[in-house]
Visitor: 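Here you go, one structure.
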Protein chains: 2
Amino acid sequence: MPQQKSEHIPRATIQRLAVYVQVLENLQREGTEVISSEPLAKACNVNASQIRKDLAYFGEFGVRGVGYYVKNLIASITSALGVDREWRTVLVGVGNLGKALLNHKEFRLRGFNIVGAFDCDPFKIGEEVSGLEVVCTKRLREMIGDNGAEIGIITTPPERAQRAANHLVEAGINGILNFAPSRITVPDHVNVEYVDFFHHLYALSFNITHPNSK
Amino acid sequence: MPQQKSEHIPRATIQRLAVYVQVLENLQREGTEVISSEPLAKACNVNASQIRKDLAYFGEFGVRGVGYYVKNLIASITSALGVDREWRTVLVGVGNLGKALLNHKEFRLRGFNIVGAFDCDPFKIGEEVSGLEVVCTKRLREMIGDNGAEIGIITTPPERAQRAANHLVEAGINGILNFAPSRITVPDHVNVEYVDFFHHLYALSFNITHPNSK
DNA sequence: TAAGATATGAGAATTATTTCACAAATTTGG
DNA sequence: CCAAATTTGTGAAATAATTCTCATATCTTA
Ligand SMILES: NC(=O)c1ccc[n+]([C@@H]2O[C@H](COP(=O)([O-])OP(=O)(O)OC[C@H]3O[C@@H](n4cnc5c(N)ncnc54)[C@H](O)[C@@H]3O)[C@@H](O)[C@H]2O)c1
Ligand SMILES: NC(=O)c1ccc[n+]([C@@H]2O[C@H](COP(=O)([O-])OP(=O)(O)OC[C@H]3O[C@@H](n4cnc5c(N)ncnc54)[C@H](O)[C@@H]3O)[C@@H](O)[C@H]2O)c1
């Protein structure tokens, strides 16, 4: 069982592990069974020792002289990341984006089941979206007590994100994925990740504007 | 005019600058006119000298003893990032996600105008989405010659992303925002950013699973 | 106009991450 | 079964990024 060997693991390592899984899954789909760090590194656009060092935080998954068995390595990394299980999630803010996410089947496929949908708009409460009844945000605590969700997804307007986060924290969630373009403040034990593709467009803009700074 | 003072700027700095803009815009909406690095840092969840150092790459934007004028600082950072102008973009892959993005008005609002929509499915070509006629991917080069787009957005299935990227590169694009969950290979002068919220869910999963490793 | 309070900007010190280099393990072919 | 060819895993070295510290600049108030 891949067990964490060392204390602190860089955030960058976690991000790369997600990339490795993605690339390995595509390789697997194309029929590759074994791969060594060199070509995998090329496909992921990183240094080969970087991959080996990242993996070394969790154990020894390769075979010297051979490389890594793709299927095996996927299993090892997903286990290290903790995504080899079901994660129950709830979504707050059933608007355009919220509905699109509720209908997105990939969540369930990847083990992130959305088991609750919440909104504060009385016109939306009671509506059914993708097999879930939209419930009043005030009942978040009670509902999470029932369904045991651990991750909250925020898709409210930015000025409501902090309020939504407060409700989620109070309800006992310990991870938040925030799609609203605003930062939220939460207690230390709660993890927050932000999704905002404009940040990526900004990065492109910068890199195109300053081509030499690479 | 904010001019780049130093040669290499860390990628992490660029990502943070985008966060600063986001937080500053929200502060501005709430009426804040001046802010010092300490409270701004708190809102962005970073160290105050980090902010000052990040800004120092581009110039001196603060007033000693006072702090930063919010409006001014937003202008300085957006100028540094190169997002104080219009960026013309094209989108390849007019499916569920592609259509949602084409209808998303925020792009235009933020200066990223989608001026072309491409797909290879003959049933989709000719269809009109959000005021744009869907055009065959093969005509990408010709169309970009006309509309002068510089950024391409990929929303094809993962196994088609590389092909889409090749078309975009050939057409002379120099930045790509890839929503497909696969890595693409492009020449050195082309910049690629990846958007995948499962990577963020993976990070949450890891952090919740290993609470001590923070 | 001078003193006290505040907050930036930048060099130095620290800490973290990445890359290198190579010993150890495994396979393959004669 | 041994030698040659691979390729991992890891300590050491090199790089990079972050944080600390403080001199310097500005504002406020008396
Ligand atoms: N639409 C997109 O494609 C898109 C893309 C990226 C980011 N976003 C961001 O995602 C968020 C949602 O976008 P949208 O287009 O779905 O907006 P929307 O207005 O359609 O939906 C927002 C929903 O949140 C609900 N809401 C408001 N306050 C709430 C609260 N306190 N508790 C619970 N629910 C609350 C509203 O009733 C509404 O149903 C925005 O912050 C937007 O910037 C949207
Ligand atoms: N739907 C979502 O909410 C969502 C969210 C995140 C990521 N994604 C990713 O975005 C991509 C698109 O998702 P979707 O749900 O819109 O899929 P989709 O199948 O609805 O759309 C894909 C579109 O791409 C077109 N296409 C295929 N090959 C092409 C090519 N070579 N050139 C041009 N067009 C081509 C298809 O004709 C189709 O119209 C997928 O990779 C998916 O994993 C989707």
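Because only heavy atoms are used, hydrogens play no part in the values below, and waters and symmetry mates are left out as well, while side chains stay in. So you know, we letter chains A, B, ... as the sequences are listed, proteins then strands, and number each from 1.
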Visitor: By nearest atom, which of the nucleotides C:dA10, D:dC27, D:dT10 is closest to the A:Ala56 side chain?
Guide: D:dT10

Visitor: With hydrogens left out and only the distance checked, is there a donor-acceptor pair under 3.5 Å joining B:Arg52's side chain and the base of C:dT8?
Guide: no

Visitor: Please state whether the rings of A:Phe112 and B:Tyr202 are parallel, tilted or perpendicular, taking 30° and 60° as the class boundaries.
Guide: parallel

Visitor: State, yes or no, whether a side-chain contact exists between A:Leu55 and A:Arg52 at a heavy-atom distance under 4.5 Å.
Guide: no

Visitor: Nearest to the side chain of A:Arg64, which nucleotide is it out of C:dT17, D:dG9, C:dG9?
Guide: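 Nearest to the side-chain atoms of A:Arg64, counting from C-beta on, is D:dG9.
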
Visitor: Please state how far atom OH in B:Tyr68 lies from atom P in D:dC27, giving the value in whole angstrom units.
Guide: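 These atoms are roughly 15 Å apart.
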
Visitor: Looking across every strand, which nucleic acid part, if any, lies under 4.0 Å from B:Ser49 by heavy atom: base, sugar-phosphate, or nothing?
Guide: base

Visitor: Describe the nucleic acid contact of B:Ser37 in one word from base, sugar-phosphate, nothing, applying a heavy-atom distance below 4.0 Å.
Guide: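 The residue B:Ser37 makes sugar-phosphate contact but no base contact.
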
Visitor: Indicate whether OP1 or OP2 belonging to D:dT7 is found under 4.0 Å from a side-chain N or O atom of A:Tyr69.
Guide: no

Visitor: Verify the contact: side-chain N or O of B:Gln50 to OP1 or OP2 of D:dA17, cut-off strictly under 4.0 Å; return yes or no.
Guide: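 It does not, given that no N or O in the side chain of B:Gln50 lies less than 4.0 Å from OP1 or OP2 of D:dA17.
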
Visitor: Using heavy atoms to find the nearest nucleotide of DNA chain D for A:Lys53 and A:Gly65 separately, return the residue whose nucleotide is more 5′.
Guide: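 Whichever sits nearer the 5' end wins; that is A:Gly65.
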
Visitor: Can you confirm whether or not the ring centre of A:Phe107 sits under 6.0 Å from the ring centre of B:Phe198?
Guide: yes

Visitor: If I take atom CZ in residue B:Arg11 and atom P in nucleotide C:dA16, what distance separates them, rounded to the nearest angstrom?
Guide: 22 Å

Visitor: Rounded to whole angstrom units, what separation is found between the CD1 atom of A:Ile14 and the C1' atom of C:dT18?
Guide: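 It is 16 Å, rounded to the nearest whole Å.
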
Visitor: What is the distance, to the nearest angstrom, from the CG atom on B:Leu55 to the C1' atom on C:dA10?
Guide: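 One finds 13 Å between C1' of C:dA10 and CG of B:Leu55, rounded.
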
Visitor: Give a yes-or-no answer on whether the side chains of B:Ser182 and A:Asn26 include a donor-acceptor pair shorter than 3.5 Å.
Guide: no

Visitor: Is the B:His104 ring parallel, tilted or perpendicular to the A:Phe197 ring (thresholds 30°, 60°)?
Guide: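 Taking A:Phe197 first and then B:His104, their aromatic rings stand perpendicular (interplane angle over 60°).
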
Visitor: From OH of B:Tyr20 over to C1' of C:dT8, roughly how many Å is that when rounded to an integer?
Guide: 15 Å

Visitor: Would you indicate which nucleotide in C:dA24, C:dC20, C:dA10 comes nearest to any side-chain atom of A:Asn47?
Guide: C:dC20

Visitor: For a quick check of understanding: with a heavy-atom distance under 4.0 Å over all strands, which category does A:Arg16 fall into, base, sugar-phosphate or nothing?
Guide: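 Sugar-phosphate only.
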
Visitor: If I take atom CD in residue A:Glu60 and atom P in nucleotide C:dT26, what distance separates them, rounded to the nearest angstrom?
Guide: 10 Å

Visitor: Report yes if at least one side-chain N or O of A:Tyr57 is closer than 4.0 Å to OP1 or OP2 of C:dT18; otherwise report no.
Guide: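 For C:dT18, neither OP1 nor OP2 has a side-chain N or O of A:Tyr57 closer than 4.0 Å.
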
Visitor: In whole angstroms, how far is the P atom of D:dT18 from the NE2 atom of A:His8?
Guide: 12 Å

Visitor: Choosing from C:dT18, D:dT26, D:dG9, which nucleotide comes nearest the side chain of A:Ala12?
Guide: C:dT18

Visitor: Can you measure A:Ile9 atom CD1 to C:dT17 atom P for me and round it to whole angstrom units?
Guide: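 Whole-Å distance recorded here is 11 Å.
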
